[in-house]
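Let me begin by presenting the structure, written as structure tokens, before commenting on it.
Read the numbers this way: they start at 1 and go in the same order the structure lists the ligands and their atoms. Atoms considered below: every heavy atom in the structure, side chains included; atoms not considered: hydrogens, waters and symmetry mates.
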Amino acid sequence: MSSSDQEDHDEDAPLFRHPTRPSAVGEVPVSQSLIKAASNVCFSFFVLAVLAVTVVAVTYQPPDPWLQSSAAITTSLARVLPNSSFLLPDDSLLPTGEDFPSPSTAPGAAAAAQRDSADQAATSTANNANATAGACDPDAPLNCTDPRVLAAVKAFNAKAFFRKSIVFLSYEAPVPGPKPGQCDVAWRFRNRREKSWRRYRDYRRFELTPGDGCALDVTKVGKFRSGKNAARPPRPKGPKKPRVAPPPVDAEINDTIPLVGSEAEFRRGKYLYYMRGGDHCKSMNQFIWSFLCGLGEAKFLNRTFVMDLNMCLSGAHTADGKDVDGKDFRYYFDFEHLKESVSLVEKGDFLKDWRRWDKKKGPGRISVRKVPTYKVTPMQLKKDKSNIIWRQFDGHEPENYWYRVCEGRAAKVIQRPWYAIWKSKRLMNIVTEIAGRMDWDYDGLHVVRGWKAMNKKMYPNLDADTSPDAIVDKVTKLIKPWRNLYIATNEPFYNYFDKLRSHYHVHLLDDYKELWSNTSEWHNETTAINNGKYVPFDAYMKVIVDTEVFYRSKAKVETFNNLTRDCKDGINTCNL
Ligand SMILES: *[C@@H]1O[C@H](CO)[C@@H](O)[C@H](O)[C@H]1NC(C)=O
Ligand SMILES: *[C@@H]1O[C@H](CO)[C@@H](O)[C@H](O)[C@H]1NC(C)=O
Ligand SMILES: *[C@@H]1O[C@H](CO)[C@@H](O)[C@H](O)[C@H]1NC(C)=O
Ligand SMILES: *[C@@H]1O[C@H](CO)[C@@H](O)[C@H](O)[C@H]1NC(C)=O
Ligand SMILES: *[C@@H]1O[C@H](CO)[C@@H](O)[C@H](O)[C@H]1NC(C)=O
Ligand SMILES: *[C@@H]1O[C@H](CO)[C@@H](O)[C@H](O)[C@H]1NC(C)=O
Ligand SMILES: *[C@@H]1O[C@H](CO)[C@@H](O)[C@H](O)[C@H]1NC(C)=O
Ligand SMILES: *[C@@H]1O[C@H](CO)[C@@H](O)[C@H](O)[C@H]1NC(C)=O
């Protein structure tokens, strides 16, 4: 890669920073900082591969961005994790599957593509059908079931200003709005800026009047998700078990835990069970790195992975700096996508079944191979016929980290299934809602402050360059006045950016608090998976949402490069 590529890269890399809580990482020894720096540079390479192709126009285009980037991240992480200590800074957000271009070979992609084209085919047939048919009495009251309504809405959407980043998939039948002349219409869409196959729903309120000939004209359209009457998706056909809780707004999320159906099925299965190791309560980046190692080994051994949905959020991401155990994987990641991508069972159910069906001796035994240490390699286990391979991760840190299984020679045979990890769709629904409220037409400003601004040794100019006046000075030169400006930041003081308000429509994450308040859809959906108990919207979730909203902005102003000449990893690291 040329050095200019690398520069491009540098400017993108701060996207992955942790914008809310860097103070927790306060005093970092210099040697460690250097390693962090190295790791960030490696990340930068990766980020380049991801973003170069899409966001930034660069000349170098890898033949297969997916392979390029997942290989790059694996190599770079492996390089900075020489013998065991996970030095990736907690203030960077590790990219996940939906940040990569979707490989057409990833599981689910083909099915998703098929679903999409079926949807689009259905959409276009519906479009032609009866679009101009039927009597058109201009004085008759508007009837939302009139096919001309849907035709008008589709034509309008296809032309609308937010079309550029949105792919319209299926439409639902319009329903009457609260007043005559209004119809609420729901549809599914995909965001081009998100590289996963994930679909989202929007529903808006349209006002229509008779236009030329038989056509109807859209005279007014509501904001994102304004068509409340169309909010509830139509019930899927076929029998459905009755629900106790109110149906979730996003009925497309299916987080149910896959169960082993019968004893015979259980006995036929081959499992790989990782007992909890030293990774528990470490950074989210370490979690992903370790978890993907386990999934990679399971794939290599052609076994079902036994997964613990219980997670521990590291103190680096919590308000009081204390680790919080008992978090659910599904708060942060997309379990539905995971279970479609890899073979897994849930730990609790698995252990119950095991206890229930194991005969202690004789032919009914469920055979187990206990593996006390990571030093037994995946290759040595390949031939093992036991029902269960049980990795126990005995010993002290760093001997008991999961990812050590994938080190050394194993690194050459185990492939981490990066495509299997997407961020939670519930969080992405919030991202979509925020971006949607600005009609996907906004610019982004990323302001890194926190401990870096305080560390004058490593960042001599950062504090001054991100002062309110300096920001106004710079940003007004880069972004047109009165644009929507979304500011992703780790600056805790809400009014810090007030001076920009006389030039822009400023949006901050905190402006959207009601999206995770306890009257929100998100709240309803997360309490449902937490046995009815309240789930706090924690700092890590905020980082995910803040970063992802910023990704979707049009013009992007970065702290490093655009606001300051300091290097993002400290003094003299710009060209590492
Ligand atoms: C890591 O291992 C290599 C060789 O395996 C050794 O040379 C090096 O000193 C080790 N580094 C640390 C930090 O232990
Ligand atoms: C148009 O609508 C009429 C009923 O209003 C229906 O009988 C006819 O099949 C429709 N045409 C097409 C092409 O679907
Ligand atoms: C709208 O048209 C449908 C059939 O096309 C009819 O069943 C319905 O009663 C009409 N609604 C109104 C308000 O006229
Ligand atoms: C949810 O997914 C499971 C498989 O994990 C499937 O058995 C179940 O039918 C799905 N439920 C719905 C409502 O689609
Ligand atoms: C993987 O295991 C399944 C059954 O568990 C078996 O049908 C399949 O042939 C195995 N594939 C390989 C490559 O061993
Ligand atoms: C919302 O949550 C707060 C705690 O964060 C609680 O004090 C309040 O009573 C809750 N409100 C409702 C309506 O549940
Ligand atoms: C959340 O659930 C409550 C009842 O449990 C319901 O009244 C409310 O409408 C739901 N909120 C949303 C936004 O779906
Ligand atoms: C930020 O700086 C980079 C590199 O200098 C430049 O390409 C980009 O256009 C700048 N952003 C804006 C909004 O001008």
Side-chain angles (χ1 to χ4, degrees), residues 2-15 17 44 47-48 51-52 54-60 186 201-203 224-233 242-253 425-426 429-430 432-433 436-437 441-448 465-466 470-488 500 503-504 506 512-535 537 550-568 574-575:
S2 76
S3 65
S4 72
D5 279 348
Q6 172 158 358
E7 269 163 36
D8 276 345
H9 191 46
D10 278 343
E11 87 205 31
D12 293 325
L15 305 194
R17 289 201 185 275
S44 303
V47 175
L48 172 64
L51 292 180
T54 50
V55 183
V56 190
V58 292
T59 46
Y60 175 72
R201 244 176 132 247
D202 190 3
Y203 34 86
F224 187 67
R225 295 200 176 159
S226 51
K228 299 289 181 212
N229 291 357
R232 299 284 160 200
R243 280 176 168 280
V244 205
V249 174
D250 195 332
E252 290 189 350
I253 299 180
K425 192 179 176 199
R426 297 187 177 90
N429 276 336
I430 294 179
T432 299
E433 179 103 31
R437 287 193 189 182
D441 189 21
Y442 60 98
D443 297 326
L445 168 64
H446 189 234
V447 179
V448 177
D465 287 342
T466 57
I471 290 178
V472 170
D473 198 45
K474 272 277 164 54
V475 173
T476 49
K477 290 192 182 93
L478 297 172
I479 293 192
K480 292 196 204 89
W482 297 113
R483 291 273 300 157
N484 284 319
L485 182 65
Y486 184 85
I487 307 178
L500 284 169
H503 304 268
Y504 301 101
V506 170
Y512 299 93
K513 272 196 179 109
E514 86 273 7
L515 296 180
W516 56 84
S517 73
N518 43 18
T519 55
S520 66
E521 294 168 12
W522 182 86
H523 170 81
N524 279 10
E525 291 176 357
T526 49
T527 47
I529 51 178
N530 194 31
N531 297 319
K533 286 199 296 281
Y534 166 76
V535 178
F537 195 76
F550 178 76
Y551 279 162
R552 285 159 179 69
S553 63
K554 290 188 170 160
K556 296 183 179 65
V557 177
E558 294 278 5
T559 298
F560 299 99
N561 242 344
N562 297 107
L563 296 182
T564 181
R565 304 192 60 174
D566 283 355
C567 310
K568 66 187 189 311
C574 287
N575 295 312

Checklist line | From I471 atom CD1 to N562 atom CG, the distance as rounded to the nearest 0.5 Å | finding: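 Taking CD1 in I471 and CG in N562, the distance rounds to 12.0 Å.
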Check: If you round to the nearest 0.5 Å, how far is CZ of R483 from OH of Y442?
Finding: 11.0 Å
Checklist line | Residue pair Y512 / I430, side-chain heavy-atom distance below 4.5 Å | finding: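 The answer is no; the side chains never approach within 4.5 Å.
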Check: Looking at R201, R225, R426, which hits salt bridge (Lys or Arg N to Asp or Glu O under 4.0 Å) with E433?
Finding: R225
Margin query: Need the ligand 7 atom indices (1-based, order shown) with element for anything under 4.0 Å from a heavy-atom of N524.
Written below: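 Under 4.0 Å from N524, ligand 7 has these atoms: 1 (C), 2 (O), 3 (C), 8 (C), 10 (C), 11 (N), 12 (C), 14 (O).
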Item checked: Distance filter under 4.0 Å to V557 heavy atoms, resulting ligand 8 atoms -> 13 (C)
Notebook entry, point to check: In ligand 8, which numbered atoms sit nearer than 4.0 Å to a non-hydrogen atom of K556?
Noted result: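 Near K556, the atoms of ligand 8 are 11 (N), 12 (C), 13 (C).
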Margin query: Considering N561, N562, V475 one by one, which has a heavy atom nearer to atom 3 (C) of ligand 8 than any of the others?
Written below: N562
Notebook entry, point to check: Heavy atom of E558 under 4.0 Å from ligand 8?
Noted result: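 False for this residue.
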Notebook entry, point to check: Is the backbone N or O of R552 less than 3.5 Å from a side-chain atom of Y486, with the two atoms forming a donor-acceptor pair by type?
Noted result: no
